[in-house]
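What follows is a set of notes on a single structure, which appears directly below.
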Amino acid sequence: MSSPLPRHVAIVMDGNGRWARARGGMRADGHRAGVSPVRMVIEECVRHAIGALTLFAFSSENWRRPRDEVMSLMSLFVESLEAEIEELHRRGVRVRFIGEREELDARLKASMASSEQITAANTRLSLQIALSYGGRSDIVHAARRLALQVERHQLSAAQLDEPTFGAALALGDVCDPDLFIRTGGEQRISNFLLWNLAYTELYFTDRLWPDFDAPAFEAALQHYAARQRRFGLSAEQLQAADAGAS
Ligand code: FPP
């Protein structure tokens, strides 16, 4: 039951603002510097054959940031997506977005839709970018969708179990993250994938996101490899299961 490599990694990329301020720059400079570690984690996931990666790029709460910071982030998303999509496609990466799209600007929405369309058949890495995403809102939307099915007699209340509920969430067709990484020193989930993180191994590092490099990612993978994941079982039960599997 223990695996040396996670199948799905979820990351809260925190610390861009502090990184920029420490260099006398604007917060937007930190976000710009955060693009290179995004590229790195994608490359490393492909290299390690990790099948899924979910990045928290912009939370539903981030709309409360100063307007110029929000605008510069949105421009950065469009720019990065347009610059990187061909290379992502060439590498076999399937790109998808989770979160509420309505409030995003038209050009960004168009780039998101075309990236999803271009890469839809790729299977090497499933990359989910959470944009205007909130874990509670994800759960509420799933509940609403399922309630509608009950109203229409397509589903009975008794049929509503954990797999059915999980499948109605934004990551319904992706396995739960095995490893959660948060950079920037805070030890919080911050309304990220609340349902999906139930059994995920949590890894926190003080490193600010723009400084998160390949050796830092490797350290997180090593931390994960050293964990024994029990899913509620005893250590003895796990040993017996591992012995049976080998
Ligand atoms: C949190 O750091 C980071 C964000 C709100 C934005 C994340 C965006 C990127 C890494 C840019 C590239 C992303 C993609 C998908 C192309 P913070 O600003 O809260 O940092 P602080 O805690 O130091 O203030």
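Bear in mind the structure is a predicted one, so any value in this text is a computation, not a measurement. Order of appearance sets the numbers: ligands from 1, and atoms from 1 within every ligand.
Grouped with Leu76 in one hydrophobic cluster are Val35, the linkage being side-chain heavy-atom contacts under 4.5 Å among Ile, Leu, Val, Met, Phe, Trp and Tyr residues. Residue Trp19 shares its hydrophobic cluster (ILVMFWY side chains chained together at separations under 4.5 Å) with Leu208.
Atom CZ of Arg136 is surrounded by 12 or fewer heavy atoms from other residues, nucleotides or ligands within 6.0 Å.
Residues lining ligand 1 at a heavy-atom distance below 4.0 Å are given as Met13, Asp14, Gly15, Asn16, Gly17, Arg18, Arg27, His31, Gly34, Val35, Val38, Ala57, Asn62, Arg65, Leu73, Leu76, Phe77, Ser80, Trp209, ordered by chain and residue number.
Residues meeting the side chain to side chain contact (heavy atoms under 4.5 Å, CB included) test with Glu44, sequence neighbours left out: Met40, Arg47, His48, Ala214, Phe217, Glu218.
Defined by atom type and a distance below 3.5 Å, a donor-acceptor pair is missing between the side-chain atoms of His8 and Asp176.
Arg91 and Glu87 are joined by a salt bridge, as a carboxylate oxygen and a charged side-chain nitrogen come within less than 4.0 angstrom of each other.
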